[in-house]
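Structure record follows, encoded as structure tokens.
In this text, all values refer to a predicted model and were calculated from it rather than measured experimentally. Per chain, numbering begins at 1; letters A, B, ... match sequence-line order.
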Amino acid sequence: MDLNTKFTPKSWPDHPETATMEAKNKFVGFWLFLGGETILFATLFATYLALRNSVPSGNDFSTQTLFELPLVFVMTMLLLTSSLTSVYAMYHMKNYNFKAMQVWLAITGFLGLGFLGFEVYEFHHYISLGFTYGNSAFSSAFYTLVGTHGLHVAIGLVWLSLLILRNARRGLNLYNATKYYTFSLYWHFIDVVWVFIFTVVYLMGVVG
Amino acid sequence: MTTAANTVAQKKGFGATLWDWLTTVDHKKIGILYLIGGGFFFVLGGIEALMIRLQLLVPNNDFVSAGFFNELITMHGTTMIFLAAMPLLFGFMNAIVPLQIGARDVAFPFINSLGFWMFFFGGLFLNLSWFIDAAPDAGWTSYASLSLASTGHGIDFYAIGLQIAGGGTLMAGINFLVTIINMRAPGMTYMRMPLFTWTTFVASALILFAFPPLTVGLFFLTFDRMFGGNFFDVDYGGNTIIWEHIFWIFGHPEVYILVLPSFGIFSEIFTIFSRKRLFGYSAMVFATVLIGFLGFMVWAHHMFTVGLGPTANAIFAVATMAIAVPTGVKIFNWLLTMWGGSIRVTTPMLYALGFIPSFVMGGVTGVQQGAAPLDYQLHDSYFIVAHFHYVIVGGVVLAILAATHLYWPKMFGTMLSEKLGKVTFWFFFIGFHMTFFLQHFLGLMGMPRRVWTYNADQGWDLFNMISSAGALLMAIGVIVMVINIIMTTAKNERVGNDPWEDGRTLEWAIPSPPPFYNFAQTPLVRGLDTYWIEKQDGNKKGYIPAEPLSDIHMPHGSFIPFVMSLGLFIAGFGAMFRVEHSWGLPVLIAGLVLTFLSMSLRSVKDDLGFYVTKEEILRTERGSK
Amino acid sequence: MAHDIEIIEKTPAEYNYKKRNADRAMRGQLMMFALMIFMTLISFTAVQAGFSPLFVIPVILLLAAVQVGLQLYYFMHMKEEGHGLPAMFMYTGVLIAFLTVLTFVTIVWW
Amino acid sequence: MMKGLKKWRFPAMLAALALVLSGCGENYLSTLRPAGEVGREQFNLLILTSLIMLLVILVVVVIYVAALVKFRRSRLGEDHMPQDVEGSHKLEFIWTAIPIVLLLIIAIPTVYYTYKLGDVSAMEKADEEGNPEHLVVDVTAKLYWWEFEYPEYGIVTAQELVVPTDEKVYFNLKAADVKHSFWIPAIGGKMDTNVDNLNKFYLVFDEESKDLKDGVFYGKCAELCGPSHALMDFKVKTMNRDDFDGWVAAMKDTENQVADKDSSDAGEAAFAQSCIGCHATSAVGSTGAAGPNMATFGDRNRVAGYLDHNKENIVNWVQDPQKYKPGNLMPAFDSLSDEDLDAIADYLLGLKVEE
Ligand code: HEA
Ligand code: HEA
Ligand code: CUA
Ligand SMILES: [Cu+2]
């Protein structure tokens, strides 16, 4: 395949993300990777549930005293919206509308950045209260679960920036269409994990 | 860079050859690298085993100290499982599976190479613990209360080394999965895949689901020991049972990751040397999948004595026993494959024949352990040691040795000596039963495992001595095999496509060793045992091409996997010595930066591979005739 | 292999058909998004309203599961063709994930 | 094969196998010579499963040998082309069904005994006066020694567990530092002592131990717990209820037996000087001491759980405990004079509650 093969919206395949053998491999491989990630997060969730509110005596941090829902709600909205914007980006990718795709991706990135900013603020706030990583089993489990998710967001942002910058002048082709597509899968997956985090960690935490 | 991967290696200087191996992404070469790496660690683990047996030769022995003994067993178990058995199997999977499905390469050649180098550097990291500070000493299971209490950096080496090697394994697993899903030749439906391919597929799926928990567990351990985490520290609200669950959620599937490919290898051997198709092929496939699936439901049988309560114990006991059924289906199908066949007892077949009774013995003791109340007696006694060496050595190691003889001609183009092969077998086989059979009784007679020494006159002296003598016989067997390999390589008598004469699957249809692009034309598959069908139909070429001869697209070699793994290796040291040395943190960061920079380099620098021209293919094909 | 890619020019009719389909799909996605936001709102309100945990927890867990299903099936296109294998692996993953979580909330104790 | 196996033969085979196996190992240590109800139930399960397993192995080996004999290429000729068969549903059904049946035979007693052995509901039961109905022993496993507390009687001992015969004895198991596992092979299966929680189980002791070789059953630590895991042995003395009650009374009598610095006994004085901080000499108390309780030291069978019980070993031990149990938590007392050591050893050997 030649990278410089130029497509038009009319010659652009219906499924550019799986149009070549390499693309098919990447597509399947990435889905499998997400299958593995499911277990990774499940283990983290399981551990968190087992250690939730498990603190040494004399330490009175608990989900109920710690978590504040308004912040979490804003974060949730940011991330959910970014999921939608990345859907828009893929919509334009499939229509071979490179510019629009890049714009929607950039928006996705900014929403993600906003989310991450709030998360950093949240962690910073907890730490200033004395709820540090080493405070208790509860704190370790909390930071590791939520932090691993945050790390995924951060990695996603780096990935996205590289994609946007690297291809800015090249435009869409069958070589990078899969890369964009797998990125969007990844981004949705991060959202999936967050849905469970806000439910299991924050909402259930506040309920008690 | 290496457009010249096709120029024959002999013409190159040492530097170029080395560079070629460091950068190769060819699945056949990576297979060989895995064999070299795994073989090295197998000998290392074997030497550790010999030292264990030497220490236990007589009561109150002081050949090694108590602390050193614990390091020995830990490193023996860890090395054998993660750095010997699995990589050796990966070696054969890499070398053979793409050929069996008629592919030119694996789905992700780059990731394949990355997987190897991560395994290699992880193993190196782990074993450097012998020279730096201390080796891990909390058993290969590294139960949390002890592994947190262990002083020195031993456990840190374990956690970080396995993390790196485990990452490599996960990548290898995904790579095999996608290869088998996407790269099959036309006509190669799932139900026409050779059993070795099937078992590789299921084992890789197990890797995909079992290794993430290990990753998480090791992270917890790393954080608890090095970064102030409290997952397992009871004083801070932590819980050590979590580690046990996580470890065995990984650990039990792990043993099936080992044994399923071994089953696959034996399935190939039974069909080839019985000159008969596999009896009950679809049942075999189904059993493989079922074993893989059930493998995830039984982990707590390692924790019967932990105090999970009768309900949990009962559920896991019954689930455990269920695995005997699909495994039995396999055993009987193999027997019936032989039945009515024309059995030729070559060296590989000899191993397969040795495997059946040995593995059944190991399997049935497993079922006994699955009976929870009985396991209260057996757990952590030498009975367990006997059980798992019967299944691992009698199943996995025999399979590896068998595959070495079976696939050597395919991988290297020369036949290992049959005579020496049989000598190896008999020494190894007799030594194996001598070592481990009596250990069942040692366990029943009250001997706990992982004991550094024992007092005389508890009734264990004689059996231990016999057991130790057996280990020596195994060592002789392995040494004979090494001699065999050296002699064969020196003689270098070339063999043709199908040296065993009764080959059935696609890998036997092409030259030994295959050209770097494997199949000049992608084959068309018409049924199970493709090559056999074509042979029966008198097809001289060995397979029907599914495409006209045309240029072949191949990936470039790359040095990046090596550098990425090196970066992680360096970062590991930084993480470990972060607290006591000021250089720790910078080294940690530098290593990670190296890894991520080379990774981004890879994703930014497009690598579209190169084409092998038609003429070149024709030249090569003629040359190999 | 890669170099076999043929470039097929769509006829205007085909192109319009594709475009219409894509637009319809996109409207569907938007609907799903609205639904997700709605469910999120319900979850947060249910918790804020202070109903009994015995009621709230199952409800929010259910909503989370549904929402995740929507993400997977719509946003990640798992409902579309060619996703049988990814779906199979995801389901297996989810099953094992469920078992893991179940274990940790039942037989890890103090 | 199954045809020849008439109904009555099965129990007979069970008995035969049991007989053969019970020749194995020492009666104070072997799971094959059970001396208690729990161990016996487990042993029966062992015999039952072993027989079934032997049957499985036999079937496999018979088919295997027959195939090997009948279908060798050397017999059939080089050119023999076997007929390809795809499989056989009938056969496949058979070898799925029969193992399932065999497994059910194992599964039923397995589940039954899992619940039976896990039943500790009687532990908390008390009679009208509030006295517990059953003997409960709290076991604490520590880096390389065992502490046994009898909460009902307010006494504590170490290294040697003393229990009455012919009744259920319940155990609370806990580890103080890292995980260990409590195992008396001849009496019954083990249970882990976790650091996280209490584990509970029961054992029954049938046989009085005085007739055994050392007069005790052997107990082992079965979970890797550090360098001296191999040496973390303990001993079990079993006696009839009357003797046991006598022993308890004697233990209670040590209430005020505290080593005195000013004692005329040089050993006692030296002990009070250096050792009392970790080793109590009165059996009345509770768990939690840094070192083993010494109130019954003279009655014991071993020094530090595994060394022969003589003066020389005591002296050697005190001078350099690390040499004998690497990693244990007792500091070396190499500065004590030989006389002091000698006197301490004598003093310790004199600490007895049995005649
Ligand atoms: C290749 C590795 C491998 C394999 C294949 C197996 C296979 C099995 N294992 Fe094993 N096992 C280990 C490796 C393996 N194991 C290791 C390494 C450990 C110890 C880890 C540690 O603590 O360090 C261990 C420990 C272990 C335990 C924990 C013991 C303890 O610590 O207390 C248990 C308990 O149930 C168990 C059970 C089984 C069972 C039921 C099988 C079954 O899959 C076996 C099935 C096979 C057969 C049964 C034979 C063929 C069947 C027939 C011929 C049909 C008819 C049979 C019947 C009706 C019975 N194993
Ligand atoms: C793949 C897995 C695997 C394999 C192949 C083996 C192979 C062997 N094992 Fe291993 N073993 C384990 C996995 C394995 N083991 C595990 C997981 C444990 C538990 C660890 C723990 O408790 O944490 C264990 C524990 C274990 C113990 C119990 C330790 C204890 O509890 O105290 C013993 C004791 O006998 C033992 C012995 C042996 C022996 C004699 C071999 C033999 O089969 C080895 C044969 C190989 C050789 C003898 C090498 C020969 C080579 C040479 C001699 C060099 C030749 C020289 C040149 C080529 C230059 N092993
Ligand atoms: Cu305590 Cu082993
Ligand atoms: Cu297991």
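Here A/T47 is the residue among A/T43, A/T47, A/V206, A/V28 with the most heavy-atom pairs under 4.5 Å with chain C. Between chain A and the residues C/G50, C/S43, C/S52, C/A65, the most heavy-atom pairs under 4.5 angstrom are made by C/S43. Of the listed residues (C/V105, C/V47, C/V101, C/L85), the one with the most heavy-atom contacts under 4.5 Å to chain A is C/V47. The residue among C/T103, C/L30, C/V56 with the most heavy atom pairs within less than 4.5 Å of chain A is C/L30. Among C/L72, C/I96, C/T11, C/T40, the residue with the largest count of heavy-atom pairs under 4.5 Å with chain A is C/T40.
There is no contact between C/N21 and chain A, counting heavy-atom distances below 4.5 Å. Heavy atoms of A/F198 lying under 4.5 Å from chain C belong exclusively to its side chain. In this structure, the portions of A/F73 lying under 4.5 Å from any heavy atom of chain C include both its backbone and its side chain. Neither the backbone nor the side chain of A/T18 has a heavy atom closer than 4.5 Å to any heavy atom of chain C. Contacts of C/E80 with chain A are made by side-chain atoms alone, with heavy-atom separations under 4.5 Å and no backbone atom involved. Only the side chain of A/Y181 has a heavy atom closer than 4.5 Å to any heavy atom of chain C. Within the 4.5 angstrom heavy-atom criterion, only side-chain atoms of A/T76, from C-beta onward, approach chain C. Heavy atoms of C/F44 lying under 4.5 Å from chain A belong to its backbone as well as its side chain. Residue A/W187: no heavy atom, backbone or side chain, is found under 4.5 Å from chain C. Interface remark: A/F27 contributes side-chain atoms only to the contact with chain C (heavy atom separation under 4.5 Å).
Residues A/W31 and C/M76 meet the side-chain proximity criterion, which asks for heavy atoms closer than 4.5 Å. A/L185 places none of its side-chain heavy atoms less than 4.5 Å from the side chain of C/F75. Using a 4.5 Å cut-off on side-chain heavy atoms (C-beta onward), A/F45 and C/T100 make no contact. The shortest side-chain heavy-atom distance between C/M26 and A/V87 falls under the 4.5 Å cut-off. Looking at heavy atoms from C-beta onward, A/L34 lies out of side-chain contact with C/F89 at the 4.5 angstrom threshold. Considering only heavy atoms from C-beta on, A/L80 comes within 4.5 Å of C/Q71 through its side chain. C/K10 has its side chain within reach of A/D14: a pair of non-hydrogen atoms, C-beta onward, lies under 4.5 Å apart. No side-chain heavy atom of C/M32 sits under 4.5 Å from any side-chain heavy atom of A/L84.
Note that the NE2 atom of C/H77 and the CE atom of A/M90 stand 8.0 Å from one another [nearest 0.5 Å]. To the nearest 0.5 Å, the span separating CG on A/L49 from CG on C/L102 amounts to 11.0 Å.
Counting heavy atoms of neighbouring residues, nucleotides and ligands inside a 6.0 Å radius, atom CE of C/M31 does not exceed 12 of them. No more than 12 heavy-atom neighbours from other residues, nucleotides or ligands sit within 6.0 angstrom of CZ on A/F118.
When ring centroids are compared, C/Y74 and A/H188 stay outside the 6.0 Å threshold. You'll find the ring centres of C/F104 and A/Y48 outside the 6.0 Å limit.
Of all the heavy atoms in A/V207 and C/P53, the pair that sits closest is CG1-CB, 3.3 Å.
Considering C/I57, C/L61, C/I60 in turn, C/L61 is the only one that fulfils the side chain to side chain contact (heavy atoms under 4.5 Å, CB included) rule with A/V200.
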**Q.** Intermediate values then yes/no, side-chain contact (heavy atoms from CB on, under 4.5 Å), A/V192 and C/Q67
**A.** CA-CA 8 Å; A/V192 165; C/Q67 199 176 142; over 6 Å; no
